[in-house]
Participant: 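Dropping the structure in here first, questions after.
Computed over heavy atoms, backbone and side chain alike; hydrogens, waters and symmetry mates excluded.
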Amino acid sequence: MNLSNTKLDVDFVRSQFPAFNDSISKDWSFMENAGGSYVPKQVIKKLNEFMISTKVQPYAEYPMAKIAGENMDLATELFAKMINANSKEIIIGGSTSINLYVLSNALKYLIKPGDEIIVTNQDHEANISPWRRLSEVGAVIKEWKINPVTAELDFEQYEELISDKTKIVAVTHCSNIVGSVNNLKKISDLAHKKNAIVIGDGVSFAPHGFPNVKELGVDFYTFSLYKTYGPHIALMYGKEEILKILPNQNHEFLEGNYPYTINPGGPNHEELVSLLGIHRYMMDLYKHHFSDDNLSIREKISKLNNLISAHEEEIANPILDYIDKKENLRLIGKNKIHNKNRAPTISFTATNRLSKKISDILVSKNIATRNDNFYAWRCLKALGIDSDDGVVRLSLVHYNSSDDVNRLLDIFDKI
Ligand SMILES: Cc1ncc(COP(=O)(O)O)c(C=O)c1O
């Protein structure tokens, strides 16, 4: 398949994920991907290989340790290439929450009383609390609030909030509730005119296509690898020139040894090596759909991103349309994906039923979903939604099929 109008071969995609043939999971339409995705067989293979042959302390001279270390370095290098960074800009930590807490502890030393920090009320708490906590060292916290009708962050409000005193802007690339994609490039350009640092949370964006961090222009960018088809770890990108000068958060003797300075405890070895499997999966996907092998890893990822977006748009738009038009349902965010302006992360509430009740019905019909605030409780509060009952969230990724969608719409029609 090499046509320029190539469509994603979903059967091929699904054949790469053992969960679709597993006795526990195979009969389910999985729509809780924003909580954590399935993993392809390439990841499981790399994890197994590491555990069988090289699960020793890496970087010694005997083969088991040498190969372990080489694979850890290679996984970091390949992931850096996939997002257009270099290896010294990649931190692999336990979770996005941990990575951002460590980063905030380091940036704390650059904050003087009266300096300003902009956080949103659209973000997951992981990209809010660590920054709000810097009020302890005198930072003034300013909140960029969503428009309560559209649930979006209006740029005009940001222009009013930012000032010469702004030191940090923490904003999500894509909300895990609203789904809208925020223009990080525009946000970063304005922040940089004020010499502020931008921290973009890409956790809800990256599963739909690994971003080009240099094009986004952000200073830091985080995403959770367990939502991008990997194990339960997370990646944080940081611009090398900033990482170089951040105060060491690791052992004293590691002073100057960035990016480890921002990665106390270091990465989980076997899980880091299993990331080789995500790269392999992406390259297998590329090879299945395209013939030009002379492109860089990043160029291949870009082509895959377009393929994935087109498929996601095709499967998610009928759901958005249905919820938007159904009288007793309230859709959060845009009612259509167009030109990657929205992720297929679809949240809604009902006027006549609790979210829990709707989620229970869907689960009883083999749609794997849930109701919650998904740690974006400030966003729900701003929208007047009870954060205990929360929203029902249907989050799709590229391995979801039109069969999944038809099954869902059929059930919707009956409730
Ligand atoms: C948008 C967003 N940001 C941050 C996080 C936190 O990620 P982690 O679980 O890796 O700490 C999540 C987790 O659900 C999320 O959805």
Side-chain angles (χ1 to χ4, degrees), residues 34-37 39 43 47 72 75-76 79-80 83 85 87-111 117 119-120 123-137 139 168 170-176 197-207 210-211 213 218-239 242-243 246-252 254-255 257-275 278 372-378:
S37 62
V39 291
V43 169
L47 189 62
M72 286 169 64
T76 309
F79 246 89
I83 63 169
S87 297
K88 295 211 77 167
E89 296 177 313
I90 302 291
I91 290 146
I92 305 287
S95 67
T96 293
S97 302
I98 294 173
N99 288 342
L100 287 173
Y101 264 108
V102 176
L103 180 64
S104 73
N105 270 312
L107 285 175
K108 175 165 83 185
Y109 295 95
L110 308 183
I111 299 290
I117 295 179
V119 292
T120 78
D123 275 74
H124 181 285
E125 201 59 21
N127 199 29
I128 299 177
S129 281
W131 310 115
R132 281 190 166 270
R133 228 168 242 184
L134 298 192
S135 61
E136 289 166 11
V137 292
I168 294 172
V171 58
T172 189
H173 195 185
C174 169
S175 153
N176 64 339
I197 288 176
V198 177
I199 291 110
D201 176 356
V203 175
S204 279
F205 182 91
F210 292 114
V213 288
V218 286
D219 301 288
F220 290 90
Y221 190 88
T222 55
F223 57 92
S224 304
L225 292 152
Y226 67 90
K227 306 194 199 222
T228 66
Y229 321 107
H232 207 108
I233 48 175
L235 184 150
M236 180 164 72
Y237 152 82
K239 263 188 196 157
I242 303 180
L243 283 176
L246 285 186
N248 183 20
Q249 303 300 301
N250 209 331
H251 306 307
E252 220 177 316
L254 286 170
E255 183 70 47
N257 200 348
Y258 72 92
Y260 304 109
T261 43
I262 309 299
N263 197 4
N268 175 309
H269 299 172
E270 58 268 27
E271 294 188 346
L272 170 53
V273 168
S274 79
L275 300 186
I278 301 183
D372 198 8
N373 59 48
F374 302 102
Y375 284 25
W377 63 275
R378 292 175 206 267

Participant: Could you grab the distance from atom CG of Leu103 to atom CZ of Phe220, nearest 0.5 Å is fine?
Facilitator: 4.5 Å
Participant: With respect to Tyr237, which candidate in Thr222, Asp219, Val213 satisfies the side-chain contact (heavy atoms from CB on, under 4.5 Å) definition?
Facilitator: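 Of Thr222, Asp219, Val213, side-chain contact (heavy atoms from CB on, under 4.5 Å) with Tyr237 is met by Val213 alone.
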Participant: Report yes if the side chains of Lys88 and Leu243 come closer than 4.5 Å at any heavy-atom pair, otherwise no.
Facilitator: no
Participant: Return the minimal non-hydrogen interatomic distance between Ala376 and Asn176, and the atom names on each side.
Facilitator: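 Shortest heavy-atom contact: CB-OD1, 3.6 Å.
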Participant: How many angstroms lie between CD1 in Ile90 and CG in Asn263, if you round to the nearest 0.5 Å?
Facilitator: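 One finds 11.5 Å between CD1 of Ile90 and CG of Asn263.
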Participant: Do Val203 and His124 touch side chain to side chain, with heavy atoms closer than 4.5 Å?
Facilitator: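 No, too far: nothing below the 4.5 Å cut-off.
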Participant: Under 30°, 30 to 60°, or over 60°: which ring-plane class applies to Phe210 and Phe223, parallel, tilted or perpendicular?
Facilitator: tilted
Participant: Step through the shown structure and confirm whether more than 12 heavy atoms of other residues, nucleotides or ligands are within 6.0 Å of OH on Tyr260.
Facilitator: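 No, the 6.0 Å shell around OH holds no more than 12 heavy atoms from other groups.
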Participant: Is any side-chain heavy atom of Leu107 closer than 4.5 Å to one of Ile199?
Facilitator: yes
Participant: Heavy-atom distance under 4.5 Å between the side chains of Tyr229 and Pro207, does that happen here?
Facilitator: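 Result yes, sub-4.5 Å side-chain heavy-atom pair found.
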Participant: For a quick test of reading the model, state the closest non-hydrogen atom pair linking Val218 to Val198 and the distance between them.
Facilitator: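 Val218 and Val198 have their closest heavy atoms at CG1-CG1, 3.9 Å.
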Participant: Between Leu235 and Ile83, is there a side-chain heavy-atom distance shorter than 4.5 Å?
Facilitator: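 When only atoms from C-beta onward are counted, Leu235 and Ile83 do touch, with a gap below 4.5 Å.
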Participant: Can you tell me how far CG of Asn99 sits from CG of Asp201, rounded to the nearest 0.5 angstrom?
Facilitator: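 Separation between the atoms: 11.0 Å.
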Participant: Can you tell me how far OG of Ser104 sits from CZ of Arg132, rounded to the nearest 0.5 angstrom?
Facilitator: 13.5 Å
Participant: Within the structure provided, determine whether Ile117 and Ile111 are in side-chain contact (heavy-atom separation under 4.5 Å).
Facilitator: yes
Participant: Determine whether Ile92 and Phe79 satisfy the following criterion, side chain to side chain contact (heavy atoms under 4.5 Å, CB included), listing intermediate values before the conclusion.
Facilitator: CA-CA 10 Å; Ile92 305 287; Phe79 246 89; 5.8 Å; no
Participant: Closer than 3.5 angstrom, by distance alone: can the side chain of Asp123 be matched with the main-chain N or O of Glu125 as a donor-acceptor pair?
Facilitator: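 Not a single qualifying donor-acceptor pair exists.
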Participant: Which pair of non-hydrogen atoms, one from Ala106 and one from Ile262, has the smallest distance, and what is that distance?
Facilitator: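 Closest approach of Ala106 to Ile262, heavy atoms only: CB-CD1, 3.8 Å.
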Participant: With a 4.5 Å heavy-atom cut-off, do Leu275 and Ile278 have their side chains touching?
Facilitator: yes
Participant: When rounded to the nearest 0.5 angstrom, what distance separates OG1 in Thr120 from CG in Asn127?
Facilitator: 7.5 Å
Participant: Looking at every non-hydrogen atom in both residues, tell me the closest pair between Met72 and His269 and how far apart they are.
Facilitator: CE-CD2, 3.4 Å
Participant: Check side chain to side chain contact (heavy atoms under 4.5 Å, CB included) between Arg133 and all other residues, then give those that pass, not counting sequence neighbours.
Facilitator: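 Partners of Arg133 by the side chain to side chain contact (heavy atoms under 4.5 Å, CB included) criterion, ordered by chain and then number, come out as Tyr101, Glu136.
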Participant: Rounded to the nearest 0.5 Å, how far does OG of Ser224 lie from CE of Met236?
Facilitator: 11.5 Å
Participant: Mind listing the closest non-hydrogen atom pair of Pro264 and Val102 along with its distance?
Facilitator: CD-CG1, 3.7 Å
Participant: Do Leu100 and Trp131 make a side-chain contact, defined as non-hydrogen atoms from C-beta onward lying under 4.5 Å apart?
Facilitator: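 Heavy-atom side-chain distance check passes, below 4.5 Å.
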Participant: Can you see which heavy atom on Pro231 is nearest to which on Ser274, and at what distance?
Facilitator: CG-OG, 3.3 Å
